[in-house]
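Reviewing the structure listed below.
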Amino acid sequence: MNTATVAGAASAGAKFLGALVLTLKVLVYLILMVAIGLFLMGIYRKFSARVQYRVGPPIWQPYIDVIKLLSKKDAATKNWVFDLGAVMGFGGPLILLLFLPLDSIVGLNFHTKGDLILILYLAVVGPLGFALAASVGASPWGAIGVGRALSMMLGYELPFILGILAVVAKDGTIMLHKVAAAQSIWNPAGWHYFQWPLILAAIGAHIGLQGMLSEKPFEQSVAPHEIGSGIMVEFGGRYLGMMLLMKAASLMAELGLFAIFFLGATTPLDTIIKIFILYIIAISFDAVLGRFRPDQAFVVLWKWPTIIALLGLLLTVFA
Amino acid sequence: MAEWLKLIDKARSRSIWMLMYCTGCGAMEMPPAMTSRFDMERFGIMPMATPRQADVILVTGYVTKKTLKRIIYAYEQMPAPKWLVAHGSCPINGGVYWDSHATVNRLDLFLPVDLYVAGCMPRAEANMKMFTELIDMVAKGEARGWEEYEKNKAYYKENQRKLFGYDLVFTDGRSAL
């Protein structure tokens, strides 16, 4: 055996090892993020219970729920489109999570590669996947839920994207880490949220975020008392467990995205703290508000937050 | 492995999601158990909207021939492990409707019942007692009605056939409703 093949074999081995380490890092990172997301959902359960003057479940209740759901047997066989939709819906927010600055917590640096256009594409993969799965289910409530979810998506994406465009116009870049670097980490005066005229864009996008998280008053697509939990109606057992994990992952991804654009989230620690603060604000509104009718919600979203965000965008560009 | 199964049983017992099949007056006694006075969510118990998401089905009230079909349909859609609670005297022995031409007096001839709660109606305290009992049974792995149903399917199906006069067909996805 000559020296060249030995070197070649060694470099191939190193490459394989590198790929293995990268895969492990990604796995650890995603599991960690989903675990934090489930913890957020536990806070939600406890918080809304306290608002209603109840004791509420323990804060680790979502972990118990996920263990129980993943250990269930499925009663009915589904077709392959249902499985594909569920996997797609779970995969979308996981890929989105890789482009947040949180990934430097395990030494990855995908977040320096993410730009706005990629993120906006990835952000709709999750909801579309679950819409696909729900629409092949036989239940009519599922179809109604999908219709509502897609029209709501149209509703909240507009103010959210207008708000983000104002930030892009201000900073002159669509790279996420550059937008984050243009703000200060801890000083609120250095955040886009508290700068004139970007504060208008931020408020518009923040109302859009409430719809994106599907918290009340923009909770039409699940609406358990009205359309039998809507898009989730055919999900049971392990599928529902997957949906809970997807919900946890997309909480982190969506709140993290907002934190990057408006609160200057740069390092893992401050991103997680800002995600917590944003989530507490969202569930405070959720705890005391009712639910709009779908048509009302659509009109509300396209009227007030859109006008405010558009005003912010115009003032940023022309003033 | 045994420890692992024990852990899963523990998780199941602390996260019981229920489907309320409120045929009669039993629905009235659930909100007090849910709201701030008794707060069943302390134990991880939540109401769910569809049978696919539920772990336990509460039959709270009289069972007629017509509603029994729906109960069987809902029960068979639930993913195992699943439990059924006969709540109040009507599903146990007919209650005040025992001599009606339309009601089914004994639910446990047609579906496996894991727990009976007597009373007309059981108050919220009895409901909480029922839930804690169910939690204990599930944690110890004693609530095995769903396995019973699979094992003795011929017996239950025969009883259902005698009552309705025809087979309820579910295996091909169509219902006999």
Interatomic distance, A:W60 atom CH2 to B:R14 atom CZ [nearest 0.5 angstrom]: 10.0 Å
Region of B:T50 in contact with chain A, defined by heavy-atom distances below 4.5 Å: side chain
Which bit of B:M48 comes within less than 4.5 Å of chain A, counting heavy atoms only: side chain, backbone, both or neither? neither
Heavy-atom side-chain contact between A:Y53 and B:D39 under 4.5 Å: no
Counting heavy-atom pairs under 4.5 Å with chain B, which one of A:A49, A:S71, A:G237, A:P58 comes out on top? A:S71
Hey, can you pull the donor-acceptor pairs under 3.5 Å for the side chains in residues 25-45 of chain A, sequence neighbours left out?
unit_1: A:Y29; atom_1: OH; unit_2: A:L97; atom_2: O; d: 2.5
unit_1: A:Y44; atom_1: OH; unit_2: A:D286; atom_2: OD1; d: 2.8
unit_1: A:R45; atom_1: NE; unit_2: B:E41; atom_2: OE2; d: 2.7
unit_1: A:R45; atom_1: NH1; unit_2: A:D65; atom_2: OD2; d: 3.2
unit_1: A:R45; atom_1: NH2; unit_2: B:E41; atom_2: OE2; d: 3.1

If I measure from the heavy atoms of chain B, does A:L240 come under 4.5 Å with its side chain, its backbone, both, or neither? side chain
Side chain, backbone, both or neither: which part of A:Q61 has a non-hydrogen atom closer than 4.5 Å to chain B? side chain
Atom pair CG/CG of B:D55 and A:L69 - distance to nearest 0.5 Å: 7.0 Å
To the nearest 0.5 angstrom, please state how far the CD1 atom of A:I64 sits from the CD1 atom of B:I16. 11.5 Å
Let me know if A:L70 has heavy atoms under 4.5 Å from chain B in its side chain, its backbone, both or neither. neither
Heavy-atom neighbours of B:R144 CZ exceed 12 at 6.0 Å: yes
Decide yes or no for B:W17 and A:K68: does some side-chain heavy atom of the first lie under 4.5 Å from some side-chain heavy atom of the second? yes
Max heavy-atom pair count under 4.5 Å with chain A, selected residue of B:K10, B:M40, B:R12: B:R12
Interface moiety of B:T35 toward chain A, non-hydrogen atoms closer than 4.5 Å: backbone
Out of curiosity, A:F235 CZ to B:Q53 CD, how far, rounded to the nearest 0.5 Å? 10.0 Å
Mark yes or no: A:K73 above the aromatic ring of B:W146, with NZ or CZ under 6.0 Å from the six-membered ring centre and no more than 45 degrees from the axis. no
